[in-house]
Each structure stands twice: as structure tokens, then as C-alpha cells.
Amino acid sequence: MTKPSSESRLAFEIDDDGPLGGLRKKSLSPSGALAAFVVGFVMMSTQVRAFGVSLIVFYLVGSRATKAGKGTKAALEEGHHAAGYRTASQVLCNSFSAFLASVLWTGLFVRGSYAAALLPPSLVAQGDIYVPDCLVSAVCGARARMESGAAARHSGVNTLASELGILATSPPILITTLARVPPGTNGGVSALGTAASVAGGAIMGLAMAATLALESTACRHGLAHLILELTLVGAVAGLFGSLIDSLMGATIQRTRYSNATKRILQDDTDIPASSGGDVKIVSGLNLLTNNQVNLVSSIITALATAYFA
């Protein structure tokens, strides 16, 4: 979000491979690749590289999780895409909280940035000037809380929970009733999915801590504490966000199940002719889509983490 520079052009070049690679591998649709490029360009262009690094880690870990057990997932979900094939709406809903955090941080701590011009002058005046090797505790604390909260809920955590939880050997339980439900049900929780959420949050927090330590002498002085704090914050945020996501999924997101094909129908999946109309509602009201649930839950978790951390 700084003014155009060689660093911004470098960010453009670095970020170019991710979206294009995803487009070639069909893990991103054309619109998804464009959205990923724009988000990646902005986050890699900030003076704090931890934002961009968290995006890369999220993409790599999420892609691996999506490809895991693709045969099993195809047998459990109607319309499942083995490579992911994420659209612009999915990319934006999953990365919005981290994207917004990077813009806000830049506006508060980088004078003369385009982000600062977008924020009220009275708000910008409250931020300290960013100096990598001479950070006062207020700046380091503010950015650590903002970054870890947003990064943990890059919704990469939710991706891990949903993509790996569905592979659990036993059926999940619905978070609201504790009843057994088919794998892939929105709001269904399992030990594997919950563990994946915690691990995903911890990975994001660790990535943030490592990047901050590499780019800031001030952060390296308290490296052990920084790693412990952000890893713990990430793990707790991952667990909290997963529970919020599951609660919303079980109540305000509809889950349909075909008794004929024995598969969960995704939001945008038409009822297959082979179902013969034999489709039941497992849980939830048809108020929000999966993308909308991801967006709202990620914002709630990022704000809660930034406030309490």
C-alpha cells in the first residue's frame, strides 16, 4: 500500500507465480486468479512482509489440504472439485480480514501511503511511524495482535478444518444438537477437523512470528516470547474461529443431502437427476452461503483476537 517503488514491482513479480500457477492447476478460476493477484499484490507491497508471507503460507497449506483424500471427498460431496477451483468470491471472502488488516496497518503506521490517504486524519494521527529496527512496544503490540488475528483467520484455518475434517473415520456431530450427521455437513465437528483448526492457526502464528523476527531487530530481541505468543494466539484463534464457523454453519447455512447418491449437495449444486428428488435438509436455514459464513466468521474472529490478545 505504499507509493509505487521497486519494492512494489518486486511484489508484483513475486505474487505473479501464485495466481498463474493456481490457474494452470485449476485450483483457481480465472476470476479467482485475478482476485488472488490483486490481494497478493497489495499484501506483498506493505512494508511489513509478514502480511504477504501469511498469504503465501495460507495458499500453500490450503492447497495441500484441498488435494488430500480427493477421491473420498468426491464420493461424499456432489460437485466436488478435486483441485479446488476457487472463484473470486471465495478468494475474497477467505482473505478479506487479512487484506483489511494489512490496509489498516499501513494507513496507521506508514506516513504518506495511499492507505493513510483513505483513512480519517484523526485516526492516522494515532499511529506511530513504522521503523523496523526501532519499534516501541505499542507499535509492535498493535501490529502483532492485528496480524495474528487476521492471519489465523485467513480462513486457511477453516479450509483445513473442512478439507481434513471430512476425512475423519467416524461421522461428525452437529455442534448444536450433538447428533451424528453425514461427513461434509455444515456445522459438523470432528476431532480431526478441530485438531486441524488448531494446527492451522498455530502454523499461521508461527509463520508470522518467524517473518517478524527476520525483518525486525526489535522483534528478534524477544524471539522466544514472540514465537510462543503468536503461535498460541494463532492456535486459540483457529479453534475459536472454527467453532464460530461451525455454529453459523449449523444454524444459518443450509445443508442438503441426497439419499439416492449418499452425498452432500454444495451451495451451488443443482439437485442431480439420479436423486429422484429424494433430497433432505440436514440442518440450517438458507440464509447465508458458505462463502458468506467464511467472511462473517473470519471478521468476528479477527476482531475478537485483536481485542483480547
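Sequence positions, counted from 1, serve as the residue numbers for this chain. All heavy atoms count here, side chains included; hydrogens, waters and symmetry mates do not. Since we're looking at a predicted model, the values are computed, not measured.
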Would you kindly confirm whether Val236 and Leu206 end up in one hydrophobic cluster when ILVMFWY residues are joined by side chain heavy atoms under 4.5 Å apart? no
Are Leu92 and Met43 co-members of a hydrophobic cluster defined by side-chain heavy atoms under 4.5 Å apart? yes
The residue among Leu287, Asn286, Leu247 that forms side-chain contact (heavy atoms from CB on, under 4.5 Å) with Ile252 is Leu287
Main-chain N/O of Ile173 paired with Arg180 side-chain donor or acceptor, under 3.5 Å: no
With a 4.5 Å cut-off on side-chain heavy atoms, are Ser95 and Val91 touching? yes
Crowding at CZ, Arg64 (>12 non-hydrogen neighbours, <6.0 Å): no
Counting distance only, does the side-chain N/O of Asn94 pair as donor-acceptor with the main-chain N or O of Gln90 below 3.5 Å? yes
In this structure, CG of Leu34 is separated from OG1 of Thr87 (nearest 0.5 Å) by 12.0 Å
Rounded to the nearest 0.5 Å, how far does OG1 of Thr72 lie from CG of Leu167? 6.0 Å
Taking all atoms of both residues into account, what is the closest heavy-atom pair of Met44 and Ile56, and its distance? SD-CD1, 4.2 Å
Taken to the nearest 0.5 Å, the spacing of Ser170 OG from Leu192 CG works out to 9.0 Å
Under a 3.5 Å distance rule, please check whether Glu229 uses its side chain to pair with a backbone N or O of Leu226 as donor and acceptor. no
Strictly distance-based, threshold 3.5 Å: is any side-chain N or O of Ser298 a donor or acceptor partner for the main-chain N or O of Leu295? yes
Hydrophobic clustering (ILVMFWY, side-chain heavy atoms < 4.5 Å, transitive) - are Val296 and Phe240 grouped together? yes
Arg254 vs Leu285 side-chain heavy atoms within contact, under 4.5 Å: no
Working to the nearest 0.5 angstrom, can you tell me the gap between Phe58 CZ and Leu160 CG? 9.0 Å
The reported gap from CE in Met248 to CG in Asn186 (rounded to nearest 0.5 angstrom) is 11.0 Å
For residues Ser246 and Ile175, report the shortest heavy-atom separation together with the two atoms involved. O-CG2, 3.6 Å
Minimum-distance pair of heavy atoms, taken over all atoms of Ala115 and Val103: CB-O, 3.4 Å
Donor-acceptor under 3.5 Å (Ser102 side chain, Phe99 main chain): yes
Go through Ile299 and Phe96 one step at a time and tell me if the side chain to side chain contact (heavy atoms under 4.5 Å, CB included) criterion holds. CA-CA 8 Å; Ile299 292 175; Phe96 178 78; 3.9 Å; yes
Before you tell me yes or no, could you show the steps for Val279 and Asn259 under side chain to side chain contact (heavy atoms under 4.5 Å, CB included), namely the whole-Å CA-CA distance, both residues' side-chain angles and the distance that decides it to 0.1 Å? CA-CA 6 Å; Val279 174; Asn259 288 314; over 6 Å; no
Any donor and acceptor pair, going by atom type alone, linking the side chain of Ser242 with main-chain N or O of Gly238 inside 3.5 Å? no
Should Val293 and Ile300 be regarded as members of a common hydrophobic cluster, given that ILVMFWY residues are connected when their side-chain heavy atoms come within less than 4.5 Å of each other, either directly or indirectly? yes
What do the steps show when you test Glu163 against Arg86 for salt bridge (charged side-chain N to carboxylate O under 4.0 Å, His left out), and what is the final call? CA-CA 14 Å; Glu163 295 290 353; Arg86 304 188 185 281; 3.6 Å; yes
Does any part of the side chain of Val189, heavy atoms only, come nearer than 4.5 Å to the side chain of Pro172, both counted from C-beta? no
Could you tell me whether the side chain of Thr211 reaches within less than 4.5 Å of the side chain of Glu215, counting heavy atoms only? yes
Give a yes or no answer on whether the side chain of Ser54 reaches the backbone of Phe51 with a donor-acceptor pair at less than 3.5 Å. yes
Applying side chain to side chain contact (heavy atoms under 4.5 Å, CB included) to Asn290 and Gln253, what does each step give before you reach the verdict? CA-CA 7 Å; Asn290 187 64; Gln253 180 184 0; 3.2 Å; yes
Could you give the distance from CD1 (Ile264) to OG1 (Thr185), rounded to the nearest 0.5 Å? 3.5 Å
Whether the side chain of Arg256 engages the backbone of Lys280 through a donor-acceptor N/O pair (distance < 3.5 Å, no angle test) should be reported. no
Assess whether side chain to side chain contact (heavy atoms under 4.5 Å, CB included) is satisfied between Leu174 and Val282, documenting all intermediate values. CA-CA 10 Å; Leu174 195 64; Val282 179; 5.8 Å; no
Of the non-hydrogen atoms in Gly40 and Leu55, which two are nearest, and what is the gap between them? CA-CD2, 3.3 Å
Are any side-chain N or O atoms of Ser258 and backbone N or O atoms of Arg263, one a donor and one an acceptor, separated by less than 3.5 Å? no
What heavy-atom pair brings Ile281 and Gly284 nearest, and what distance separates the two atoms? CG2-O, 4.0 Å
Taking the side chain as C-beta and beyond, is there a heavy-atom pair between Val181 and Ser283 under 4.5 Å? no
Is there a path of hydrophobic side-chain contacts, each under 4.5 Å between heavy atoms of I, L, V, M, F, W or Y residues, that connects Val198 with Leu243? yes
Is the closest side-chain heavy-atom distance between Ser197 and Leu239 below 4.5 Å? no
